[in-house]
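Here the structure comes first, spelled out in structure tokens, and everything after it is commentary.
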Amino acid sequence: MNFHKALMELSHSPAFINRERSHKLAAMTALCAELLDVERVSVWQFPEQREHIESEWLHTPEGATAETRSLYQSGNPAYFAALESERVLSVPHAQEDCRTRAFSPGYLAPMGIRSMLDAPIFDGARLSGVVCLESTTHRQWTLPEISFVIAIADTVSLMNTHEAWLDSKQALEYATRYDSLTGLLNIKSLRDRISYLIDKFERRGLGSLALLWVDVDRLKSINDGLGAQVGDNVIEEIGQRLKQVIVPGKDLLARIGGDEYALIIRNQTQPDTLEQTAAKIRHEISKPIRLNGHSITVGASLGICHLPGDCDSTEDLLRGAEAAMYNAKHEGRGRTCFFDSSIQISARSRFELENDLRTAIREHKLDVFYQPITSADGSSTESVEALVRWQHPERGWLSPIEFLDIARGGGLMYGLGECVLRRVCEHWQWARNHQIELPEVSVNLAPEQVLIAGLPRQIKTICAEYGVPVRSLHFEVTEDALQGDIITISGILEELVAAGAQLSIDDFGTGYSSLSRLKGLPFSRIKIDRSFISNIPDDEDDCAIILSILGLARGLGLSVVAEGVETEAHERWLCEQGCDYLQGYLYSRPLPFDQLVERFFTSE
Ligand code: C2E
Ligand code: CA
Ligand code: CA
């Protein structure tokens, strides 16, 4: 029998190729034992640490075993050196041979092994294992026998290479289909799945799906404030929650970008079912996330698009869901929005709008309106709040809710802040030149601004340019801007106060800052968010919150502004409770500078 022919027949049979590794080793060692008439045939491999070699498979007359035995290279240097250099070890007198006699007392002699024939397994140029034949009779190994053992070793080597290739192919497959951070499928998998489902629906002539696009709000400020690692942990945690949330018709969940996820829902696509699903998802996401000492709460905006109702292709479905999500954000975060065709238009123009905004900021084209803040007894206008406005060439006056998110997404907030401050300074300069004395001007600072160490210097430089004393400014910082690296932020705030400015905490009550966090910061005023004002005095909860904020402020020696005061009932209740300042439509809407001056600061 031709040894090589037998090995070829074995290794090319489908029964061999498709079996797992241990079956292949069993078949080859059995064939070898039979054809060469030896008792023991074993296959050994180096593990990762190469100081020893491990038996992977051993064929004996009593049966085969995959039990691991180890042989240490250090105890048998001559054997390993010979293996590496001689390609094959043909050893008729194993117990005496200088290459193998080190095994004699502990192994060869007690086992009665007389001859050995070993062939190294190379993976590339590196010795990775050995095929080992042991005979209890003296053998002068013949050339065909030697060449056969080499062929077996080469077959194992081919198996190793193939397995390594399969592993790397799988790793590659994993990388192209999965998101490494969350372990969820990625956008490619999502697209493939949608296309597959569309095909299936078309073939059957029925079926429907909805795509839920989930965007985590405020992740950017978490990244900026607490570091990218915390941001990553938040993304991971939300991925886990989405994986676990049970929703009807759930088909596939993917992470499709930075802080965005998408969920395919099949069949259960009636609006009210989806509405419930969306509410459940938002609820899961908004549960506090505890991460090394921080408790972080984030919200999410959701967009939903239907197929075939709203569109009929994969790309249109993705675009539609994304556009609906932007619309949800636009309407004020933490909402769900269904796609309709009008949204498509606004989504397309988002990108144009961002470009226009970039230009407007660069060319200092943004404008500022002012809203008075009055003392509670109505006797004086205590200060005015500067509120950015943008006169778009085609769309007319735009309010901040229409473009601040775009500015934020485009990284334009710092530039926007500078633009607003310059406009405020221009107005202030104009007033002084006309002998008009303006009260303090409140300027809003974005979270993106209070994280930049150079902010105080920038503000001082701009003020100096226009001859505006920093002490005539008051800066409003929202509660959620204080989430970030508190050392940096408090350094910046201290520097502003040292330069003479005053500071307010804006939108108080909506964030999650703990009192202890606020206590050390140099604020002189709290602005109660207008969402608490609108339902007083009827809503008992809101009243209780306002009272506790007033108590807290008194305890900390801070003054309090209520914003969004629209009715006399609001005013009466707030005055009775001892609120210091009031701001709202009841007194005035935000006005262009010239109207403000005319109404409030000219004697006639
Ligand atoms: P905010 O700082 O809370 O500003 C007050 C907002 O409430 C203003 O909206 C104002 O027009 C509105 N408002 C005032 N009184 C009433 C009222 O009685 N009822 C109701 N419903 N609303 C009232 P606006 O001007 O649209 O600004 C929205 C937000 O945009 C501001 O909220 C602020 O967070 C941001 N913002 C405005 N200007 C700037 C700016 O220059 N820089 C930055 N970073 N943010 C700005
Ligand atoms: Ca404000
Ligand atoms: Ca506010």
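Nothing fancy with the numbering, it's 1 onward along the sequence. Order of appearance sets the numbers: ligands from 1, and atoms from 1 within every ligand. Keep in mind that what you see is a predicted model, and the values were worked out from it rather than measured.
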| Backbone or side chain, does Glu385 get an N/O/S atom under 3.0 Å to the Ca ion (ligand 2)? | yes
| said: Once you restrict to heavy atoms under 4.0 Å, what part of Arg389 touches ligand 1? Side chain, backbone, both or neither. | reply: side chain
| query | Nearest 0.5 Å, what's the CG-CD1 distance between Leu211 and Ile264? | reply | 6.5 Å
| field | Atoms of ligand 1 close to Asp506 [distance to a heavy atom under 4.0 angstrom, numbered from 1] | value | 2 (O)
| Nearest non-hydrogen atom to atom 1 (P) of ligand 1 belongs to which of His570, Glu448, Arg408, Glu385? | Glu385
| said: How large, to 10°, is the angle at the Ca ion (ligand 2) when you draw lines to OD1 on Asn444 and to OD2 on Asp506? | reply: 90°
| query | Taking N or O atoms only and a 3.5 Å limit, does Glu566 qualify as a polar contact for ligand 1? | reply | yes
| message | Below a 4.0 angstrom heavy-atom separation, can you tell me which part of Leu404, side chain or backbone, both or neither, approaches ligand 1? | response | side chain
| query | Heavy atom of Met413 under 4.0 Å from ligand 1? | reply | yes
| Residues which pass ring pair (Phe, Tyr, Trp, His ring centres under 6.0 Å) with His392, listed by chain and number, not counting sequence neighbours | Trp390
| task | With rounding to the nearest 0.5 Å, note down the distance linking CG in Asp506 to CD in Glu385. | result | 6.0 Å
| request: Measure Val565 to ligand 1 on non-hydrogen atoms and call it side chain, backbone, both or neither using the 4.0 Å cut-off. | output: backbone
| query | Under the criterion salt bridge (Lys or Arg N to Asp or Glu O under 4.0 Å), which of Glu563, Glu476, Glu382 is the partner of Arg525? | reply | Glu382
| ligand 1 versus Arg530, non-hydrogen atoms closer than 4.0 Å: side chain, backbone, both, neither? | side chain
| field | Any N, O or S atom of Glu476 closer than 3.0 Å to the Ca ion (ligand 2) | value | yes
| Which ligand 1 atoms, with their elements, are less than 4.0 angstrom from a heavy-atom of Ala446? | 44 (N)
| query | For ligand 1, is Arg589 a contact, meaning one of its heavy atoms is under 4.0 Å away? | reply | no
| query | With respect to atom 11 (O) of ligand 1, which of Ser534, Pro590, Ala407 exhibits the smallest heavy-atom separation? | reply | Pro590
| With backbone taken as N, CA, C and O and side chain as the heavy atoms from C-beta onward, which portion of Asp507 lies under 4.0 Å from ligand 1: side chain, backbone, both, or neither? | side chain
| query | Heavy-atom contact under 4.0 Å between Ile401 and ligand 1? | reply | no
| message | Does any N or O of ligand 1 fall below 3.5 Å from an N or O anywhere on Leu387, backbone included? | response | no
| query | Is it true that Gly564 lies under 4.0 Å from ligand 1, counting heavy atoms only? | reply | yes
Please tabulate, for the side chains in residues 541-556, all donor-acceptor contacts under 3.5 angstrom to protein atoms that are two or more places apart in sequence or on a different chain.
| unit_1 | atom_1 | unit_2 | atom_2 | d |
| --- | --- | --- | --- | --- |
| Ser548 | OG | Ile545 | O | 3.0 |
| Arg554 | NH2 | Gln577 | O | 3.0 |

| task | Show which atoms of ligand 1 fall inside a sub-4.0 Å distance from at least one heavy-atom site of Gly584. | result | 15 (N), 18 (O)
| Metal site the Ca ion (ligand 2): N/O/S of Thr478 inside 3.0 Å | no
| query | Taking distance alone, with no angle check, do Ser399 and ligand 1 share an N/O pair under 3.5 Å? | reply | no
| With backbone taken as N, CA, C and O and side chain as the heavy atoms from C-beta onward, which portion of Gln583 lies under 4.0 Å from ligand 1: side chain, backbone, both, or neither? | neither
